[in-house]
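Heads up: the structure comes next, in structure tokens.
For ligands, and for the atoms within them, numbers begin at 1 and follow the listed sequence.
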Amino acid sequence: MQLDRVVSVMGNTIQHGHSSNRAYLLKLGGSPDIAARSLSDIAVAEGYSKVIAKVPETMLDAFTAQSFEEEARVPDMYAHKGDGVFVARYFEPERRNESLETTFESVRALAEEKANNISKNLPEGYTITTLKKNDIPEMINVFQQVFKKYPFPVHDAAFIEQTMLEETYYFGVHFREQLVAVSSAEVDASMGNAEMTDFATLPPHRGNGLASCLLTEMESYMRTMGIKTAYTIARAVSPGMNITFARAGYRYCGRLPNNTCIAEGIESMNVWSKAL
Ligand SMILES: CC(C)(COP(=O)(O)OP(=O)(O)OC[C@H]1O[C@@H](n2cnc3c(N)ncnc32)[C@H](O)[C@@H]1OP(=O)(O)O)[C@@H](O)C(=O)NCCC(=O)NCCS
């Protein structure tokens with residue numbers, strides 16, 4: 001698997017690579033004008049067809065001035081700085097075209113239809129815990145079975161260990177002492193938000209409500225940490241993932257067309273969020 005690189009450019013954290021064929025501003029650290037220019041420069045140098053940034057709404061003008069357009073908006077993502085906006089610029093117009101648009105709309109409609117259904121309780125025999133360094137080999141086993149491709153190197157022990165040291169909290173479900181489902185909350189404590197991510201349930205255990213139970217558990221953990229806003233970037237094609245978030249009270253915030261290399265290839269992603 002070809003891995004994306006995460007680099008720091010003038011204080012901005014940027015992930016980029018040929019698998020997702022894009023550059024992504026993960027965290028704005030410096031001037032928004034410079035960040036927007038750096039993304040475009042990287043795209044031109046590497047031949048990427050899309051660049052995307054996650055930024056406070058107060059920085060939006062700097063990006064739109066450089067031909068970026070808003071794709072999704074998370075209300076109150078940044079403490080004291082308002083909404084978080086996903087802005088993108090395309091270097092090849094066809095990258096925007098979504099051949100599965102009708103599927104995405106029906107997945108979203110199904111998720112919203114099921115939003116009021118009651119979540120299942122954790123079935124008998126299953127337990128949820130936080131995951132620590134000694135769980136990493138089993139976590140890798142789950143990620144390897146579930147994801148052929150993934151935007152971050154979750155098949156690499158050193159990477160997972162590093163993220164554990166940098167405010168990513170992993171949770172898991174065990175059945176008969178075997179880890180069968182994983183998720184994580186990637187926390188930005190200074191901004192009061194967390195990305196609920198890395199959901200993976202082993203195929204024989206799917207449909208038992210494990211993803212929903214993990215999400216509920218992570219939300220209560222986040223509340224105790226004072227996190228105010230939870231959001232996710234979910235595969236637009238996945239009924240299970242979109243249903244999980246809609247049912248937990250998350251609101252749809254927009255779609256990122258052909259954005260992320262995950263599972264089989266580059267996929268569109270739905271953004272959902274919730275005030276905790
Ligand atoms: C997405 C995923 C984590 C969901 O895990 P899970 O533990 O099975 O989820 P849950 O059982 O909590 O709930 C999923 C809901 O979606 C429904 N669902 C799942 N697949 C479905 C499908 N193809 N069509 C309709 N409904 C579907 C389930 O029936 C369940 O609803 P219900 O409670 O009304 O029966 C799991 O399918 C998975 O690992 N997928 C591959 C990895 C992935 O895509 N991760 C997400 C990355 S963004």
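Proximity to A200 (heavy-atom distance under 4.0 Å) selects the following atoms of ligand 1: 39 (O). Taking every heavy atom of R247 and a limit of under 4.0 angstrom, the matching atoms of ligand 1 come to 31 (O), 32 (P), 33 (O), 34 (O). Heavy-atom proximity to N208, at under 4.0 Å, picks out these atoms of ligand 1: 11 (O). In the vicinity of L210, heavy-atom distances shorter than 4.0 Å reach the ligand 1 atoms 7 (O), 11 (O), 12 (O). Atoms of ligand 1 found under 4.0 Å from any heavy atom of K120 (numbered from 1 in listed order, with element): 32 (P), 33 (O), 35 (O). For ligand 1, the atoms closer than 4.0 angstrom to any heavy atom of S212 are 12 (O).
The aromatic ring centroids of H205 and F175 lie less than 6.0 Å from each other.
Remark: minimum distance from atom 13 (O) of ligand 1 to any protein heavy atom is reached at T244 OG1, 3.9 Å. Of all protein heavy atoms, the one lying nearest to atom 16 (O) of ligand 1 is G240 CA, 3.3 Å. The protein atom (non-hydrogen) at minimum distance from atom 29 (O) of ligand 1 is K114 NZ, 4.4 Å. Remark: minimum distance from atom 8 (O) of ligand 1 to any protein heavy atom is reached at G207 N, 2.8 Å.
Between P239 and ligand 1, no pair of N/O atoms sits closer than 3.5 Å. Of the N or O atoms in T201, one or more lie within a sub-3.5 Å distance of an N or O in ligand 1. Note: an N/O pair closer than 3.5 Å links F199 and ligand 1 by distance alone. Taking any N or O of V146, backbone or side chain, none lies under 3.5 Å from an N or O belonging to ligand 1. Geometrically, ligand 1 and A211 share a nitrogen or oxygen pair separated by less than 3.5 Å.
A side-chain donor-acceptor contact under 3.5 Å links N259 and K50. At a cut-off of 3.5 Å, with distance as the only test, a side-chain donor of Y231 or K54 sits close to an acceptor on the other residue. Between the side chains of Y24 and H16, no donor-acceptor pair of N or O atoms lies under 3.5 Å. R251 and S273 form no side-chain donor-acceptor contact under 3.5 Å, judged by distance and modelled atom types alone. Using a 3.5 Å distance cut-off with no hydrogens or angles, the side chains of S49 and N21 do pair a donor with an acceptor. Using a 3.5 Å distance cut-off with no hydrogens or angles, the side chains of S268 and E98 do pair a donor with an acceptor. Neither side chain, S38 nor N12, offers a donor N or O lying under 3.5 Å from an acceptor on the other. Looking only at atom types and distance, the side chain of T58 has no donor-acceptor partner in the side chain of Y78 under 3.5 Å away.
Heavy atoms of I243 found under 4.0 angstrom from ligand 1 belong exclusively to the side chain. Counting heavy atoms closer than 4.0 Å to ligand 1, residue T197 contributes nothing at all.
Protein heavy atoms come within 4.0 Å of atom 19 (C) of ligand 1.
Of the candidates Q145, M196, R206, the one placing a heavy atom closest to atom 36 (C) of ligand 1 is R206. Among G209, C213, P151, the residue whose heavy atom sits closest to atom 10 (P) of ligand 1 is G209. In the candidate list Y150, F143, F147, F147 is nearest to atom 43 (C) of ligand 1, counting heavy atoms. With distances taken over non-hydrogen atoms, the option nearest atom 1 (C) of ligand 1 out of M241, M269, R235, E267 is M241.
Side chain of S106 to backbone of T102: a donor-acceptor contact under 3.5 angstrom is found.
Within the 4.0 Å heavy-atom shell around ligand 1 one does not find A181. For the pair H205 and ligand 1, no heavy-atom separation below 4.0 Å is found.
Stacking of R108 on the aromatic ring of Y252 is recorded, both the 6.0 Å distance cut-off and the 45° axial limit being met.
If you take CZ on F143 and CD on E138, they are separated by 12.0 Å, rounding to the nearest 0.5 Å.
For E69 and R96, the salt-bridge test passes: some basic side-chain N is under 4.0 Å from an acidic carboxylate O. A salt bridge does not link R235 with E264: every distance from a Lys NZ or Arg NE/NH1/NH2 to an Asp or Glu carboxylate oxygen is 4.0 Å or more.
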